[in-house]
Amino acid sequence: MNTPLSLVVLISGNGSNLQALLDAIADGRMQARIAAVISNRPDAFGLERAKAAGIATAVLDHKAYTDRDSYDAALAALIADYRPDLVILAGFMRILTPALIQRFAGRMLNIHPSLLPKYPGLHTHRRALEAGEAEHGCTIHTVTAELDGGPILAQASCPIETGDDEASLAAKVRVLEHRLYPEVIQGFAEGRFPL
Ligand code: GAR
């Protein structure tokens, strides 16, 4: 294990969770360094966030690959170049192959916007509202071959209130996510979660 913990962060879009990690490092709340941010989309705003923080970025555009196996093989090689302790999925919106997951088994974390095992997959806020749930939240889990199904490391929840819609609920969950991800990664840095 590196000291501080070395991370590679995978994103596809806005990167607000990446920003939360950058802020937690800057504030001294998380003893980690981000070795690189990798995006499958060239236009992901999170790449700008990484550059602004002086972090190395790489784009591996899935559209340049004909199949999932060859994309994930290239992605695994790219990640491995940085020798991270942890691979952090932060809004990386791709289904991963078993070979990639196996290569980083136990060292790849994902954040998901629901209280798993409820609402794996997409449109979690809408589905929680439609189901009349009283609460909602986010989950951080170790990535296994089962989609959004790996062992749960931590969850944070909030009430669903009268008048909440998809946007207000998404905003509430984002606040929870931004607090929880740095806490869990710091847990690895302190050995509370084994690597
Ligand atoms: C986050 O809400 C994250 O939980 C979700 O994507 C969003 C990314 O936001 N991830 C998934 O749905 C994965 N199944 P961000 O780009 O602003 O961090």
Side-chain angles (χ1 to χ4, degrees), residues 7-26 29-30 32 34 36-53 55 57-62 68 72 75 86-98 100-101 104 108-131 133 135-158 160 164-185:
L7 315 176
V8 166
V9 181
L10 270 54
I11 62 166
S12 296
N14 179 29
S16 71
N17 278 284
L18 165 66
Q19 188 66 55
L21 302 184
L22 292 168
D23 293 347
I25 291 171
R29 281 179 286 123
M30 196 174 88
I34 299 178
V37 171
I38 301 172
S39 173
N40 65 310
R41 293 187 181 277
D43 59 350
F45 180 65
L47 291 168
E48 304 309 317
R49 299 179 187 271
K51 285 176 195 160
I55 307 285
T57 61
V59 174
L60 198 62
D61 190 343
H62 59 276
R68 205 172 276 283
D72 275 14
L75 180 59
L86 288 174
V87 182
I88 304 296
L89 305 184
F92 189 64
M93 303 305 278
R94 285 185 58 84
I95 292 174
L96 305 174
T97 56
L100 175 68
I101 292 168
F104 300 103
M108 184 180 270
L109 312 186
N110 182 43
I111 190 158
H112 183 76
S114 78
L115 295 171
L116 291 171
K118 286 185 171 176
Y119 312 115
L122 299 174
H123 310 301
T124 57
H125 311 309
R126 188 192 312 164
R127 287 155 65 206
L129 283 165
E130 283 171 0
E133 296 284 358
E135 61 168 13
H136 190 44
C138 65
T139 302
I140 294 170
H141 65 93
T142 311
V143 176
T144 63
E146 191 192 341
L147 179 69
D148 297 326
I152 291 174
L153 297 168
Q155 292 186 308
S157 62
C158 59
I160 297 183
D164 264 332
D165 59 14
E166 219 175 317
S168 68
L169 199 50
K172 282 189 198 176
V173 171
R174 258 195 306 275
V175 172
L176 300 176
E177 290 190 333
H178 296 169
R179 197 184 66 221
L180 195 62
Y181 226 167
E183 284 176 6
V184 168
I185 294 168

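Ligands are counted one by one from 1 in listed order, and the atoms in each one are counted from 1 as well.
With salt bridges taken as basic N to acidic carboxylate O contacts below 4.0 Å, none links Asp23 and Arg29.
Looking at atom 16 (O) of ligand 1, its nearest protein heavy atom turns out to be Gly15 N, 2.8 Å. The protein heavy-atom contact nearest to atom 14 (N) of ligand 1 is His112 ND1, 3.2 Å. The nearest protein atom to atom 7 (C) of ligand 1, hydrogens excluded, is given as Gly91 CA, 4.3 Å; this is a heavy-atom distance. The protein heavy atom nearest to atom 12 (O) of ligand 1 is Pro113 CD, 3.3 Å. Here the protein heavy atom with the shortest distance to atom 9 (O) of ligand 1 is Asn17 ND2, 3.9 Å.
Asn40 contributes no side-chain N or O that, together with a main-chain N or O of Leu60, makes up a donor-acceptor pair within less than 3.5 Å. The backbone N or O of Gly137 sits nowhere less than 3.5 Å from a side-chain atom of Gln155 that would complete a donor-acceptor pair.
Remark: Lys172 NZ to Ile160 CD1 distance equals 7.5 Å, nearest 0.5 Å. Atom CG of Leu10 is separated from atom CG of Leu109 by 11.5 Å, given to the nearest 0.5 angstrom.
Screening Arg127, Glu133, His136 against Tyr119 for a side chain to side chain donor-acceptor pair (under 3.5 Å) leaves a single residue, Glu133.
At under 3.5 Å, a nitrogen or oxygen of Ser16, whether backbone or side chain, sits near a nitrogen or oxygen of ligand 1.
For Gln19, the closest heavy-atom approach to ligand 1 does not fall below 4.0 Å. The shortest separation from a heavy atom of Ile111 to ligand 1 is under 4.0 Å, placing the residue in contact.
Between the side chains of Asn17 and Arg174, no donor-acceptor pair is found at a separation under 3.5 Å. Side-chain contact annotation: His178 with Ser16, donor-acceptor N/O pair under 3.5 Å present.
If you number the atoms of ligand 1 from 1 as listed, the ones under 4.0 Å from a heavy atom of Asn14 come out as 16 (O), 17 (O). Atom numbering of ligand 1 starts at 1 in the shown order; those under 4.0 Å from a heavy atom of Glu177 are 1 (C), 2 (O), 3 (C), 4 (O).
When non-hydrogen atoms are compared, ligand 1 lies under 4.0 Å from neither the backbone nor the side chain of Arg174.
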